[in-house]
Novice: 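I have a structure here, written as C-alpha cells, and I will follow up with some questions on it.
Hydrogens, waters and symmetry mates are skipped; everything else that's a heavy atom, side chains included, is used. We number each residue from 1, following the sequence as shown.
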Amino acid sequence: MKKTGFLCRSATAAVLGALFCGLTGDALAAGFALNEQSGSAMGVAFAGSAASGEDASTVFYNPAAMVLISGTQLSLGVHGVMPDLTFTNQGSFTAGGPLIGNDGSGSAKGVVVPNFYLVTDISPNIKYGFGVSSPFGLQTEYNGTWVGRYQALKSQLQSYDLNPSLAYKVNDRVSFGAGFNAQYINASLSKAIDFGLLSGGVPQSADGAVEAAGNSWAYGYNLGALFQFPTSTRVGIAYRSKVHQTLVGSATFSNVPASLLGDPRFANSKMTAAVTLPDSISLSLVQKIGDKWELLSDVNFTRWSYFNQVAVVFANGQTSVTQENWRNTFRGTLGMTYRFSDRFKLRAGGGFDQSPVRTGYRTAAIPDSHRKILATGLNYKYSKADSVDFAYQHLFFNDGGIANNQLSSGGGFLIGTYKIDANILSLQYNHDF
C-alpha cells in the first residue's frame with residue numbers, strides 16, 4: 001500500500017506528460033500539437049506553409065512571408081475536429097483478476113480551434129503582424145465504466161498564443177521575419193481510483209477519482225526567412241522556439257472511503273509541474289507553373305525529445321518524475337493549387353506525420369500513432385476585398401498497441417489496440433482593407 005501515493009503524483013504529472021492529442025490530433029499534429037492554424041494551409045495538408053504567404057495566417061507559419069501581402073489584411077479561422085476512437089481489450093487485468101468495463105467508445109470528443117491574424121504596413125519594406133492561435137490542445141472523456149478508467153478518464157488541454165511579429169523586405173529576393181510568443185496553457189486530467197483494492201476490500205468494487213489541474217504563462221519566439229527566385233520559385237524556412245512551462249495547480253480526490261479519509265496520500269494537495277514544449281523547424285517550397293498551377297511541398301522537424309520527462313513537486317515537498325521518452329519527428333507533405341478562375345482556387349494535398357510516442361510508452365491518456373494526411377480545399381473570392389477558404393482533411397492513424405503496466409499504482413495492466421481516425425473541417429474569412 002505504500003506506493004498508492006503515486007496515484008496522486010502520476011495523475012498530476014499526466015496533466016502535461018500524458019495529455020492526449022493524437023485523438024483530437026495534429027488536430028492533429030503528432031503528440032499534442034495542433035496544426036490547424038489556417039484554412040488555406042489545411043486545404044493542401046500544410047504543404048508550402050512557410051513559403052506560401054497567401055493570407056494573414058502566415059503570421060503563424062512564417063512571419064517573413066508577410067511581405068507577400070499587400071496593404072492590410074485580416075484572417076479569421078475556425079476548425080472543427082471530429083475524431084473517432086475504438087479500443088479493443090486484449091486481456092487487461094488488475095490485482096485479483098481481469099479489468100472489468102466497456103471499450104470506452106465515444107471518448108474522443110470533437111473540438112473547435114479558432115484563430116485570428118492581422119497583417120499591416122509599417123513602411124514600404126516593413127510589415128507588422130499579430131496572431132492569436134492555439135498551438136497545443138486536446139479533449140477526451142472516457143465513460144466512468146470503461147476498462148481503462150484507472151489510467152485515464154478525462155483529459156483536457158487549452159492553449160492560447162499571442163504572437164506579434166515583424167517582417168523586413170531586404171530586396172525583391174530576400175525577406176526576414178521574427179515574432180514574440182506569449183503562451184498560456186490550462187490543463188486538467190482525471191482518472192478513477194480502485195479504493196476497493198486499496199482499502200483491502202474487493203477490487204473494482206468501490207471507485208473514487210483524482211483530478212489534477214493547473215495553468216501557466218510562458219514565452220518563446222519564432223523566426224523566418226523567405227527567398228524568391230526568378231524561376232517563380234519561393235523557398236521559406238521557419239523556426240518556432242521551445243517553451244518552458246511550469247504549471248501551478250492542485251490535485252483533488254473524490255469518493256474517498258471513510259477508512260482512508262485521514263490518509264495523507266489521498267489528501268488534496270497543491271503542486272507544480274514543469275515541462276518543456278518542443279521547438280520545430282519547417283522548410284517549404286512553392287513552385288508556380290504558368291498562371292494557374294502551383295506545386296507545394298513541406299518538411300517539418302519537431303524536437304519532441306525535449307519532452308523526455310515531467311517533474312511534479314507537491315506542497316509537502318515530495319517530487320514525482322514521469323518518464324515520457326518521446327522521440328523527434330518528421331512530417332512531410334505535398335500539395336497543389338489550381339486557379340480555376342478569378343474567383344475560385346482549388347487545393348489538394350497529402351502527407352505523412354510521425355508520432356513521437358514510442359510503442360512501449362503509449363498510454364490511455366495519449367494513444368498517439370503515425371498518421372497519413374489527405375486534404376482538399378477551396379478559396380472563393382466573392383468581392384474585391386473579401387474571400388473565404390473551405391478545407392477538409394482526413395487523418396488515417398496506424399493501429400496503436402498498448403501494454404501499459406500500472407499495477408504498482410493500482411491502475412492495472414491495460415492491454416489492447418487503439419483504432420483512430422479523424423475528420424477536420426475548416427472555414428476561414430479574409431478581408432483586405
Side-chain angles (χ1 to χ4, degrees), residues 1-20 32 94-95 136 138-142 144 148-159 184-201 203-204 206-218 244-277 307-324 363-366 404-412:
M1 301 293 289
K2 184 176 181 179
K3 294 184 178 180
T4 56
F6 178 77
L7 284 165
C8 173
R9 295 192 294 272
S10 65
T12 308
V15 169
L16 290 177
L19 280 176
F20 143 78
F32 49 88
T94 188
F136 301 96
L138 68 87
Q139 180 173 327
T140 185
E141 186 173 1
Y142 294 96
R149 61 193 178 278
Y150 302 125
Q151 297 196 10
L153 280 177
K154 183 176 181 179
S155 303
Q156 188 171 32
L157 171 68
Q158 296 174 313
S159 70
Y184 172 80
I185 59 174
N186 179 34
S188 65
L189 181 141
S190 66
K191 65 180 183 180
I193 302 176
D194 187 357
F195 281 125
L197 171 66
L198 298 179
S199 63
Q204 305 182 71
D207 285 357
V210 58
E211 179 179 8
N215 58 77
S216 172
W217 277 98
H244 299 286
Q245 291 277 8
T246 301
L247 273 77
V248 178
S250 61
T252 305
F253 291 85
S254 60
N255 295 328
V256 180
S259 61
L260 295 174
L261 282 176
D263 193 323
R265 296 171 299 177
F266 307 115
N268 299 342
S269 175
K270 300 293 184 182
M271 63 86 188
T272 61
V275 66
T276 299
L277 301 178
F307 196 66
N308 182 53
Q309 65 180 28
V310 179
V312 184
V313 179
F314 293 85
N316 60 11
Q318 295 187 44
T319 300
S320 171
V321 177
T322 301
Q323 296 297 324
E324 301 296 340
T363 68
I366 182 164
N404 189 17
N405 184 358
Q406 293 188 17
L407 283 170
S408 63
S409 65

Novice: Kindly indicate whether the side chain of L157, heavy atoms from C-beta on, has any atom under 4.5 Å from the side chain of N186.
Specialist: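 No, side chains not in contact.
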Novice: With heavy-atom distances below 4.5 Å as the criterion, would you say the side chains of Q204 and T94 are in contact?
Specialist: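 Result yes, sub-4.5 Å side-chain heavy-atom pair found.
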Novice: Could you tell me which residues satisfy side chain to side chain donor-acceptor pair (under 3.5 Å) with T276, sequence neighbours excluded, listed by chain and number?
Specialist: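 With neighbours one apart ignored, the set is H244.
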Novice: Counting only N and O atoms by type, is there a donor-acceptor contact under 3.5 Å from the side chain of S159 to the main-chain atoms of F136?
Specialist: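 Checking the backbone N and O of F136 against the side chain of S159, a donor-acceptor pair under 3.5 Å is found.
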Novice: Tell me the closest heavy-atom pair linking S269 and A315, and the distance in Å.
Specialist: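 It is OG-N, 4.0 Å.
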Novice: Check whether Q151 reaches the backbone of N404 with its side chain - one donor and one acceptor, N or O, closer than 3.5 Å.
Specialist: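 The answer is yes, because a donor-acceptor pair under 3.5 Å joins these two groups.
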Novice: Does T246 offer a backbone N or O that forms a donor-acceptor pair with the side chain of S216 under 3.5 Å?
Specialist: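 Here the side-chain-to-backbone pair exists.
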Novice: Identify, with sequence neighbours excluded, every residue that meets side chain to side chain donor-acceptor pair (under 3.5 Å) alongside T252.
Specialist: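 Checked T252 against side chain to side chain donor-acceptor pair (under 3.5 Å); zero matches.
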Novice: For S254, which residues count as a side-chain contact (heavy atoms from CB on, under 4.5 Å) partner, sequence neighbours excluded?
Specialist: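 Only A209 meet the side-chain contact (heavy atoms from CB on, under 4.5 Å) criterion with S254.
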Novice: Of all heavy-atom pairs between L247 and A187, which one has the smallest distance, and what is that distance?
Specialist: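 Looks like CD2-CB, 4.0 Å.
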Novice: Listed by chain and number, what are the side-chain contact (heavy atoms from CB on, under 4.5 Å) partners of A218, not counting sequence neighbours?
Specialist: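 With neighbours one apart ignored, the set is V243, Q245.
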Novice: K191 versus V210: any side-chain heavy-atom pair under 4.5 Å?
Specialist: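 They are in contact (side-chain heavy atoms under 4.5 Å apart), so the answer is yes.
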Novice: If I take atom CD from residue Q158 and atom CD from residue Q156, how far apart are they, to the nearest 0.5 angstrom?
Specialist: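 Atom-to-atom, Q158:CD and Q156:CD are 5.0 Å apart.
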Novice: Please test K154 against S188 for side-chain contact (heavy atoms from CB on, under 4.5 Å), starting from the C-alpha separation and ending with a verdict.
Specialist: CA-CA 8 Å; K154 183 176 181 179; S188 65; 5.7 Å; no
Novice: Which residues pass the side-chain contact (heavy atoms from CB on, under 4.5 Å) test with N405, not counting sequence neighbours?
Specialist: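 N405: side-chain contact (heavy atoms from CB on, under 4.5 Å) contacts with L407, F413.
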Novice: Distance from I193 atom CD1 to S199 atom OG, nearest 0.5 Å?
Specialist: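 Rounded to the nearest 0.5 Å, the CD1-OG separation comes out at 11.5 Å.
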Novice: Please report the shortest heavy-atom distance between A213 and M271, naming the atom on each side.
Specialist: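 Closest heavy-atom pair between A213 and M271: O-CE, 3.6 Å.
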Novice: Applying side chain to side chain donor-acceptor pair (under 3.5 Å), can you list everything that pairs with D207, at least two apart in sequence or on another chain?
Specialist: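 For D207, the residues satisfying side chain to side chain donor-acceptor pair (under 3.5 Å) (neighbours in sequence not counted) are R149, Y150.
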Novice: State which residues pass side-chain contact (heavy atoms from CB on, under 4.5 Å) with V256; sequence neighbours excluded, sorted by chain then number.
Specialist: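 Once residues adjacent in sequence are excluded, the partners of V256 under the side-chain contact (heavy atoms from CB on, under 4.5 Å) criterion are F195, F253, L260, L261, F266.
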